[in-house]
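Report on the structure given below.
Here the structure is a predicted model, which is why all the values come from computation and not from measurement.
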Amino acid sequence: MAWRFPKNFWTIARTYSASVQGPSAQAGEHSGGVRTWKLLSFLVALPGVGICYINAQLKEKEEHEHHHREEFVPYDHLRLRTKKFPWGDGNHSLFHNPKMNALPDGYEE
């Protein structure tokens with residue numbers, strides 16, 4: 001046996017759907033919306049973004065102070081060089097950081 005809507009469901013649904021008069025994009029007095037959203041943007045959104053930025057910078061600074069570089073372990077499957085890079089001496093990657101990126105024989109510093 002299939003489930004069916006109650007007999008008065010469509011009457012109730014029609015009543016509530018007809019309570020809204022006219023299309024939703026009907027012209028009317030909505031001039032305060034632009035001012036409200038402009039105020040919200042400048043007084044809420046931009047300060048919120050600024051606070052999030054400051055929080056991220058403070059967390060990154062805290063993490064950077066306690067960060068230590070791990071000891072180099074020369075695994076055979078890492079840092080393989082089948083041919084030289086086409087820039088520099090051929091051993092350093094394009095965005096090489098001597099403090100964080102190891103060469104095949106270890107860190108530079």
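Summarising the hydrophobic clusters (Ile, Leu, Val, Met, Phe, Trp, Tyr; side-chain heavy atoms under 4.5 Å, direct or chained), the residues clustered with Trp87 are Phe85, Leu94, Phe95. Cluster partners of Leu40 are Trp37, Val44, counting Ile, Leu, Val, Met, Phe, Trp and Tyr whose side-chain heavy atoms approach within less than 4.5 Å, directly or via other members.
Within the structure, every pair that satisfies the side chain to side chain donor-acceptor pair (under 3.5 Å) test and touches residues 95-108, not counting sequence neighbours, is listed here: His92-Glu108, His96-Glu108. Evaluation of the side chain to side chain donor-acceptor pair (under 3.5 Å) test over residues 54-64, restricted to residues two or more places apart or in two chains, returns none.
The ring-ring contact (aromatic ring centres under 6.0 Å, His included) test applied to Tyr75 returns His77, not counting sequence neighbours. His68 is linked by a ring-ring contact (aromatic ring centres under 6.0 Å, His included) to nothing, counting only residues two or more places apart in sequence or in another chain.
Heavy atoms from other residues, nucleotides or ligands lying under 6.0 Å from CD of Glu65 number more than 12.
Nearest heavy atoms, Arg81 versus Leu103: NH2-CD2, 4.4 Å.
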